[in-house]
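Take a look at the structure below.
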2 protein chains.
Amino acid sequence: MSNVIDESGILAIATRLQRLSDTFRKDGQLIYKSFGHDFEPKWFPVVYTLDIKSQLSVVEIANEIGYTHPSTISLLKELEKLKIIHSKKDKSDERKRLISLTEKGKELVAAIKPIWDLLRKTQIEILDTKNNLMKAIEEVEEQLKISSFYDRAEKNKSLMGQKSSD
Amino acid sequence: MSNVIDESGILAIATRLQRLSDTFRKDGQLIYKSFGHDFEPKWFPVVYTLDIKSQLSVVEIANEIGYTHPSTISLLKELEKLKIIHSKKDKSDERKRLISLTEKGKELVAAIKPIWDLLRKTQIEILDTKNNLMKAIEEVEEQLKISSFYDRAEKNKSLMGQKSSD
DNA sequence: TAAAACTACGTAGTTAACTACATAAAATCA
DNA sequence: TGATTTTATGTAGTTAACTACGTAGTTTTA
């Protein structure tokens with residue numbers, strides 16, 4: 001597919017990660033569809049979380065799934081329109097909206113859990129190569145927690161004969 | 001950061017890939033800036049490609065960098081406005097626009113090549129863990145070339161006690 | 001206990017990719 | 001060689017995340 005960029009390797013990693021991500025998302029959607037469900041992969045984090053935790057506020061969900069709260073709100077809006085979730089005010093804190101699955105939502109989860117298993121199995125099959133992508137991601141996240149890309153680059157600057165502007 | 005989702009592991013891989021991608025992009029931008037350059041990481045594929053191939057049409061660039069042509073066009077517009085690249089009609093094929101770096105563009109490349117080296121070194125440092133992310137990506141792309149996520153899932157359906165709708 | 005700071009939620013606008021469609025030039029074919 | 005198909009480019013609109021900012025409750029503090 002791409003020539004020069006593959007050779008440049010590591011510098012275009014952001015691009016390649018995103019493309020891979022898109023591929024998984026698109027195929028995921030098709031697989032749900034082939035089972036007769038119009039379930040969008042992007043809903044998974046919210047729905048999966050609510051299946052396990054049953055009732056959470058907007059920000060709690062955002063934290064669980066690792067999204068910003070505005071992104072979470074727009075997902076919740078879609079799911080609310082489809083009556084997969086519903087919300088009610090928290091009586092002890094009027095700022096909060098407590099979200100949970102509706103009956104319809106619970107039925108949906110029960111119906112698609114076997115698909116989640118299938119997706120999981122299939123992804124494991126694809127990802128279980130010599131260098132395991134899932135583990136690699138975890139390891140890289142770990143590395144970045146120790147010291148960010150930016151901080152490491154700052155430190156490495158001194159190794160090169162290059163002046164910085166700050 | 002995210003709890004439930006990390007445990008659900010593989011199903012949220014698309015999300016995690018994208019977040020990682022964003023992190024690299026943002027820090028990349030900061031690093032360019034710390035050297036006094038307002039060079040956006042998303043420009044890299046185009047600029048790098050033109051440095052090596054010197055003159056290409058819009059679609060040729062799109063293929064080299066693995067983007068769609070509309071995405072490529074919008075990158076080219078930005079770079080053209082900044083006078084980093086310029087274009088001229090191909091005399092032997094009036095449909096084509098031949099793109100190349102301007103003098104300013106060539107000077108820019110000369111100036112940021114040391115940064116590219118720094119970025120490369122730093123990324124290698126981060127990515128060189130037990131499971132190498134770069135290699136993992138290549139291996140996964142290879143797996144998907146053999147058989148797509150969708151096709152594999154279709155095949156695996158038979159392994160489960162589940163009916164399909166098509 | 002009033003003011004200040006913080007937290008939860010919401011809206012608006014941005015970004016960087018995409019798909020779908022349109023047009024014009026070139027190549028192919030009947 | 002005229003009609004059809006393909007190729008190259010461009011535009012419009014979509015998507016799924018983001019940041020920035022605003023408002024209304026809650027908590028802390030002077």
Side-chain angles (χ1 to χ4, degrees), chain A residues 1-2 5 12-30 38-46 55-80 85 87-99, chain B residues 1-2 5 12-30 40-46 55-80 85 87-99:
Chain A
M1 192 158 294
S2 64
I5 290 308
I13 196 165
T15 295
R16 296 178 71 181
L17 286 172
Q18 187 153 354
R19 233 181 300 160
L20 209 47
S21 157
D22 282 353
T23 304
F24 278 111
R25 217 190 306 262
K26 265 175 224 154
D27 277 27
Q29 194 163 359
L30 288 176
D38 276 337
F39 188 82
E40 296 193 28
K42 68 174 166 170
W43 295 336
F44 171 77
V46 170
Q55 198 177 58
L56 293 172
S57 74
V58 174
V59 170
E60 280 166 352
I61 293 173
N63 288 338
E64 283 289 341
I65 70 179
Y67 282 15
T68 59
H69 82 268
S71 308
T72 305
I73 287 170
S74 86
L75 289 173
L76 293 175
K77 268 187 188 162
E78 289 179 41
L79 291 168
E80 208 151 9
I85 61 163
S87 67
K88 61 174 190 200
K89 270 225 153 17
D90 182 340
K91 294 212 174 107
S92 69
D93 186 342
E94 290 280 312
R95 294 169 305 178
K96 286 188 186 171
R97 239 175 79 198
L98 297 174
I99 317 289
Chain B
M1 190 158 295
S2 64
I5 291 309
I13 196 166
T15 294
R16 295 178 72 182
L17 286 172
Q18 187 153 354
R19 234 181 300 159
L20 209 48
S21 156
D22 282 353
T23 305
F24 277 111
R25 216 192 307 263
K26 266 175 223 155
D27 277 25
Q29 193 163 359
L30 288 176
E40 296 193 28
K42 67 174 168 172
W43 295 335
F44 170 77
V46 170
Q55 197 176 57
L56 293 173
S57 73
V58 174
V59 169
E60 280 165 352
I61 292 173
N63 288 338
E64 283 289 342
I65 71 180
Y67 282 16
T68 59
H69 82 269
S71 308
T72 304
I73 286 170
S74 87
L75 289 173
L76 293 175
K77 269 186 188 161
E78 288 179 42
L79 292 168
E80 208 152 8
I85 61 163
S87 66
K88 60 174 191 199
K89 269 227 155 11
D90 183 340
K91 295 216 172 102
S92 70
D93 185 342
E94 289 280 311
R95 295 169 305 177
K96 286 190 188 170
R97 240 176 79 200
L98 296 175
I99 317 291

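Heavy atoms only: backbone and side chains are in, while hydrogens, waters and symmetry mates are out. Below, chain A is the first sequence line, B the second, and so on; all start at residue 1. Just so we're clear, the structure is a prediction, and the values are computed from it rather than from any experiment.
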List in chain and number order the residues that pass side-chain contact (heavy atoms from CB on, under 4.5 Å) with A/Ser74, two or more places apart in sequence or in another chain; answer none if no residue qualifies.
->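 In terms of side-chain contact (heavy atoms from CB on, under 4.5 Å), with neighbours along the sequence ignored, A/Ser74 is linked to no residue.
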Listed by chain and number, what are the side-chain contact (heavy atoms from CB on, under 4.5 Å) partners of B/Leu79, not counting sequence neighbours?
->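 If we apply the side-chain contact (heavy atoms from CB on, under 4.5 Å) test to B/Leu79, skipping adjacent residues, the hits are B/Trp43, B/Val46, B/Val47, B/Ile84, B/Ile85.
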With B/Asp90 via salt bridge (charged side-chain N to carboxylate O under 4.0 Å, His left out) - residues at least two apart |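 Checked B/Asp90 against salt bridge (charged side-chain N to carboxylate O under 4.0 Å, His left out); zero matches.
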Looking at residues at least two apart in the chain, or sitting in another chain, which of them share a salt bridge (charged side-chain N to carboxylate O under 4.0 Å, His left out) with B/Lys96?
->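 In terms of salt bridge (charged side-chain N to carboxylate O under 4.0 Å, His left out), with neighbours along the sequence ignored, B/Lys96 is linked to no residue.
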Would you say [X] places a side-chain N or O within less than 4.0 Å of OP1 or OP2 belonging to [N]?
X	N	value
B/Tyr67	C/dC18	no
A/Ser71	D/dA16	no
A/Arg25	C/dA17	no

Would you kindly compare A/Asp90 and A/Leu75 by the position of their nearest DNA chain D nucleotide and give the one closer to the 5′ end?
->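 Mapping each residue to its closest nucleotide by heavy atoms, the 5'-most match is A/Leu75.
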Quick one: what's the B/S/- string for nucleotides 6-13 of chain D, heavy-atom cutoff under 4.0 Å, read 5' to 3'?
-> -BSBBB--
For the pair made of CD in A/Glu78 and C1' in C/dG10, what is the distance, rounded to whole Å?
->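 In whole Å, C/dG10 C1' lies 16 Å from A/Glu78 CD.
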Which whole-number value in Å describes the distance from A/Asp22 CG to D/dT15 P?
->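 Rounded to whole Å, this separation is 14 Å.
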How far does the helix from C/dT1-D/dA30 to C/dA30-D/dT1 bend, going by the axes of its first and last five pairs, to the nearest 10°?
->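 The angle separating the two end axes equals 10°.
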B/Gln29 and B/Pro41: which non-hydrogen atoms are nearest, and at how many Å?
->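 For B/Gln29 versus B/Pro41, the nearest heavy atoms are N-CG, 3.6 Å.
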